[in-house]
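For clarity, every value in this text was computed on a predicted model and none was experimentally measured. Residue numbers start at 1 and run along the sequence shown.
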Amino acid sequence: MATIVDCPTCGAKVEWTEKNKYRPFCSERCKQIDLGAWAEEKYTIPAVNLPQEQDDDNSSLQ
């Protein structure tokens with residue numbers, strides 16, 4: 001039995017098989033829409049603002 005996934009672009013049900021050369025997308029069109037979104041930087045990963053560490057070597061010079 002083939003695994004069924006949702007197309008990330010349009011949400012259509014897609015069979016995850018070797019026959020589907022566009023997987024996980026349902027078509028070339030959806031694949032290109034997703035690529036365009038990446039190129040336009042519409043997808044982002046939120047940055048984590050870590051506390052700044054004090055440089056022990058630098059603090060002794062002041």
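In this view, E28 satisfies the salt bridge (charged side-chain N to carboxylate O under 4.0 Å, His left out) rule with no residue, not counting sequence neighbours. Evaluation of the side chain to side chain contact (heavy atoms under 4.5 Å, CB included) rule for L35 yields Q32 as partners, not counting sequence neighbours. Partners of I4 under the side chain to side chain contact (heavy atoms under 4.5 Å, CB included) rule, at least two apart in sequence or in another chain, are K13, E15. T3 meets the side chain to side chain contact (heavy atoms under 4.5 Å, CB included) test with V5, W16; sequence neighbours excluded.
Heavy-atom minimum distance, G11 versus D6: O-OD1, 3.9 Å. In terms of heavy-atom proximity, P24 sits nearest to P8 at O-CD, 3.4 Å. Contact detail for F25 and V14: the closest heavy-atom pair is O-CG1, 3.8 Å.
Each salt bridge (Lys or Arg N to Asp or Glu O under 4.0 Å) pair with one or both residues in residues 31-42, not counting sequence neighbours, appears once here: E40-K42. The ring-ring contact (aromatic ring centres under 6.0 Å, His included) pairs that include a residue from residues 30-50 are W38-Y43, where partners are two or more places apart or lie in different chains. Annotation: side chain to side chain donor-acceptor pair (under 3.5 Å) contacts involving residues 17-27, sequence neighbours excluded, are absent.
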